[in-house]
Amino acid sequence: MRQDVTRKHFVLGAGASAAGIFSGLASGLAFNLPAFAKGGPDIPVGVMVPLTGGGAPYGPNMLKAIEITADSINKAGGPIGRQLRIISEDSQTSPDAAVAAAQKLISLNHVGAIIGTWSSAVTLAVLPITTQAGVLEMNTSGAGDVTSPKYRRLVFRTQPTDRPYGLAMARFSKKQGYRKLALLVLNNPYALTMRDAIQGEWRRLGMPNIENIVIYNPKAASYAGEVQKALQGNPDLLIIVGYTPDASIIAKEWYAANVKTHVMGPGFAFNDALVKNVGAAVVNGFFAVDGIPPVTQPGYKAFADTFQAATGSSLADNFWPAQAHDQMNLLALAMEAAKSTDAAAVAAKMRDIAGPPGVEVYDFATGAKLLREGKKINYQGASGPCDFDDHHDIVSNFAVWRLDGTSRQQLELYPARELI
Amino acid sequence: MIAELAQHIVDGVVLGAILALPALGLALVWRIAGFPHLAHGSLMTIAAYAAWLAAGVWHLPLPLAVLFGLAISAATGVGMHLGVYRYLAGRPMLNLFIASIGVELFLRYGVIFSFGSDFQTFPLPAERGVRLGLVVVRPLDLVLLGVAFGALLGVWWMFRGTQIGRRMRAVSDNPFLARLSGISPARIHLAMWILVSVLAGAAGILLGARNVISPTLGWDVLLLAFAAAIFGGISNPFGAAVGAFLMGLVSQLGIMWIPTSYEEGIAFFLIMIVLLVRPRGLFGEAVRA
């Protein structure tokens with residue numbers, strides 16, 4: 001019986017997305033459904049985080065964050081008086097595995113939303129499927145294409161795009177007094193986007209043209225030539241725009257080259273795995289640039305202690321789990337605002353509850369209460385303000401850290417509003 | 001300019017040394033077993049993982065870990081031969097070729113199943129390069145060069161100076177005549193698989209130590225090693241090794257003038273030209289009718 005209602009609802013939802021003209025009708029029906037059955041059936045929510053593979057350091061805490069948050073949403077009565085039911089699948093940080101998992105979540109579990117996808121390759125593999133099925137998708141991926149017009153309507157990301165990384169890198173480099181930069185850039189969409197951002201901002205700051213820009217291919221047998229070319233003429237700073245495996249090999253080459261050039265890179269590549277791979281002696285003094293949870297803001301504080309108690313690690317070091325928490329809250333609040341679980345209707349309310357104007361709220365219970373009173377709300381998350389722009393992208397605060405081998409020190413903070 | 005050129009030459013020779021051992025092995029398999037061996041990369045990968053397991057997880061001393069890696073690689077090569085290729089001997093080359101793709105995938109997913117798809121690194125301290133005249137060389141690269149040249153010399157000597165080596169050459173030249181003169185092809189095949197697996201394993205361990213160990217470590221260089229072998233002449237094992245060094249030099253010198261992302265493209269373009277002019281490769285023998 002329950003299954004039938006869910007399936008009917010799912011079919012309605014999918015049909016509505018396929019033909020937007022019916023979406024009003026469908027969400028009207030969906031709205032009526034739970035109203036008649038008070039409490040109503042559970043709402044299945046698909047969660048796909050990387051529990052294995054390259055994202056394995058982050059996935060388990062993301063899942064934990066979502067479970068805690070869903071739990072507190074359910075304790076507060078749940079969206080439109082219904083309980084959330086989390087169905088988790090491992091993306092294995094692999095596009096192939098993610099496609100299989102998405103198909104399973106959609107056709108077997110009838111989820112109306114999939115949240116938590118990590119890495120642009122995984123998200124970009126899942127999006128054609130969710131878009132086709134009319135399922136809402138929330139992710140932590142930075143590549144430009146993730147919110148391209150063909151997907152955008154049902155897609156929201158809590159991860160800043162690759163552009164603000166470039167802006168923060170260029171501004172910090174200038175502040176440090178560097179003049180001659182070198183870039184080693186992986187030949188892929190994310191890295192090339194970041195290169196453009198660094199170059200553009202560097203030029204805007206009136207700094208000399210960056211001559212040493214070396215594009216490298218993934219999985220090469222040797223990066224010796226590339227590194228040598230980038231280090232030609234002894235640049236002040238080498239920025240490595242890649243992922244941990246190639247950054248590890250390049251860092252070893254840089255160390256062997258015995259030069260005075262400093263090194264910088266995005267935090268998701270310059271992570272603990274990099275330190276483990278190449279050793280503390282090599283990374284000592286490296287700069288890492290990444291988004292940072294707004295540790296002084298109430299949205300962060302509302303979740304920090306709960307998270308720390310559940311996982312034993314600080315939320316400040318867990319940008320993606322903070323995002324996962326926000327995705328769960330945003331989804332539930334948008335359902336409440338839409339008075340529906342239909343993906344198109346929920347997506348249509350997402351920007352209203354996430355951005356200004358409205359009363360700032362930090363959790364589901366307060367937000368849902370205000371929504372029921374007919375008030376407007378503005379959700380402030382643990383990962384940032386979560387204000388989606390026209391593209392369904394967000395900006396967040398950024399920081400620059402210096403790695404000293406065993407720990408890292410925050411040197412500089414760039415507030416979200418300065419990175420647009 | 002001169003220093004830059006010299007450094008690129010050194011980088012090219014190092015890349016050549018990485019490719020030379022698998023290229024030599026590919027040529028030997030081609031000559032003796034008669035097919036392009038697509039699972040050759042797995043031998044490199046498995047040796048690297050086995051050595052990492054011994055050194056990084058079991059904390060065995062490095063030399064012991066390397067020996068363990070080579071032993072596992074040899075066992076894997078022998079396993080491939082006895083378990084799969086032996087039964088397909090004498091069938092069309094395409095059967096063996098396809099079977100080796102199957103073996104490659106089986107072993108790759110076996111590695112992922114056992115060790116995960118994460119990459120690993122050997123517990124080696126990072127090393128500063130040492131300045132030798134105009135160039136800076138990583139100590140590990142000197143080891144790599146030593147092993148590569150040592151192995152090439154060893155194989156050379158084996159072919160010239162030992163009975164098993166001479167028999168291997170006899171079988172590769174003419175299996176029918178070799179059998180008439182009382183050489184057992186089964187033993188020669190077995191010896192050949194042990195030899196190429198150990199060569200590939202050594203290259204895999206060194207590459208893993210230089211870069212990172214991933215489930216596609218060997219696969220990622222296989223195409224280059226194949227190309228090097230064909231470039232040098234796949235029917236001549238030492239030509240294949242020389243091809244590897246030429247290929248390393250071409251791709252590393254090429255990036256002085258062309259964008260680095262095209263470095264492999266340039267190397268393959270050159271091979272295409274060579275093969276158009278000289279289809280047997282630089283040092284290959286003319287194909288027998």
Side-chain angles (χ1 to χ4, degrees), chain A residues 50-57 92-94 96-97 184-188 192 212-233 243-259 273-284, chain B residues 3-4 7-8 10-12 14-19 22 112 116-131 135-141 144 203 207 209-214 216-217 219-225 248 251-256 259-265:
Chain A
L51 298 176
T52 54
Q92 300 176 31
T93 330
S94 145
D96 292 342
L184 262 168
V185 185
L186 178 65
N187 199 357
N188 92 349
L192 296 173
N212 297 13
I213 299 182
V214 177
I215 314 286
Y216 65 87
N217 289 323
K219 300 184 161 200
S222 164
Y223 291 119
E226 283 86 344
V227 173
Q228 197 205 333
K229 216 174 164 185
L231 291 177
Q232 236 163 55
Y243 292 119
T244 309
D246 35 277
S248 304
I249 302 171
I250 290 170
K252 285 201 241 178
E253 295 283 0
W254 163 86
Y255 189 76
N258 263 321
V259 287
L274 178 89
V275 181
K276 188 188 121 236
N277 286 335
V278 302
V282 177
V283 302
N284 191 14
Chain B
E4 191 196 331
Q7 188 70 51
H8 279 293
V10 169
D11 294 342
V14 169
L15 180 56
I18 294 170
L19 298 176
I112 293 176
S117 49
D118 277 359
F119 54 92
Q120 307 292 349
T121 44
F122 282 112
L124 288 170
E127 38 168 30
R128 291 286 191 191
V130 286
R131 179 159 283 285
V135 297
V136 177
V137 187
R138 289 169 66 172
L140 189 64
D141 286 346
L144 189 95
L207 187 59
R210 195 175 193 283
N211 296 346
V212 295
I213 304 164
S214 76
T216 55
L217 172 138
W219 178 255
D220 294 336
V221 297
L222 186 73
L223 186 62
L224 280 176
S251 69
Q252 291 298 309
L253 285 173
I255 60 176
M256 284 182 72
T260 44
S261 47
Y262 301 117
E263 103 188 42
E264 283 183 8

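Within every chain, numbering begins at 1; the chains are lettered A, B, ... in the order of the sequence lines, protein sequences first and strands thereafter.
Residue contact with chain B, scored on non-hydrogen atoms closer than 4.5 Å, involves the backbone and the side chain of A:E226 alike. If you measure heavy-atom distances from B:Q252 to chain A, the contacts under 4.5 Å come from the side chain alone. No part of A:T93 comes within reach of chain B, as not one of its non-hydrogen atoms sits under 4.5 angstrom from that chain. Only the side chain of A:N187 comes within less than 4.5 Å of a heavy atom in chain B; its backbone stays farther off. Both the backbone and the side chain of B:V212 come within contact range of chain A, each with at least one heavy atom under 4.5 Å from a heavy atom of that chain. At a 4.5 Å heavy-atom cutoff, the contact between B:R210 and chain A is made by backbone and side-chain atoms alike. Of the two parts of B:I255, the backbone and the side chain both hold a non-hydrogen atom closer than 4.5 Å to a non-hydrogen atom of chain A.
When each of B:V136, B:N211, B:D11 is scored by its heavy-atom pairs under 4.5 Å with chain A, the top score falls to B:N211. Comparing B:M256, B:Q120, B:Q7 by heavy-atom pairs within less than 4.5 Å of chain A, the highest count is held by B:Q7. By number of non-hydrogen pairs under 4.5 angstrom with chain B, the leading residue of A:V214, A:N258, A:I250 is A:N258. Interface remark: of the candidates A:T244, A:T52, A:I213, A:T244 forms the most heavy-atom pairs closer than 4.5 Å to chain B.
Looking at heavy atoms from C-beta onward, B:S251 lies in side-chain contact with B:L15 at the 4.5 angstrom threshold.
For the 3.5 Å distance criterion, the side chains of A:K219 and B:T216 qualify, holding a donor opposite an acceptor.
In this structure, the separation between CG on A:L184 and CG on A:D246 is 10.0 Å, given to the nearest 0.5 Å. Here the straight-line distance linking atom CD of A:Q232 with atom CD of A:Q228 works out to 6.5 Å at 0.5 Å rounding. Between the CG atom of B:L124 and the CG atom of B:L140 there is a distance of 7.0 Å, given to the nearest 0.5 Å. Note that the CG atom of B:D220 and the CG atom of A:N217 stand 11.5 Å from one another [nearest 0.5 Å].
The ring pair (Phe, Tyr, Trp, His ring centres under 6.0 Å) check on A:Y243 picks up A:Y190, with sequence neighbours excluded.
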All N/O donor-acceptor pairs, side-chain side in residues 275-284 of chain A, below 3.5 Å, sequence neighbours left out:
residue	atom	partner	partner atom	Å
A:N277	OD1	B:T121	OG1	3.3
A:N277	ND2	A:S248	OG	3.0
A:N277	ND2	A:A273	O	3.1

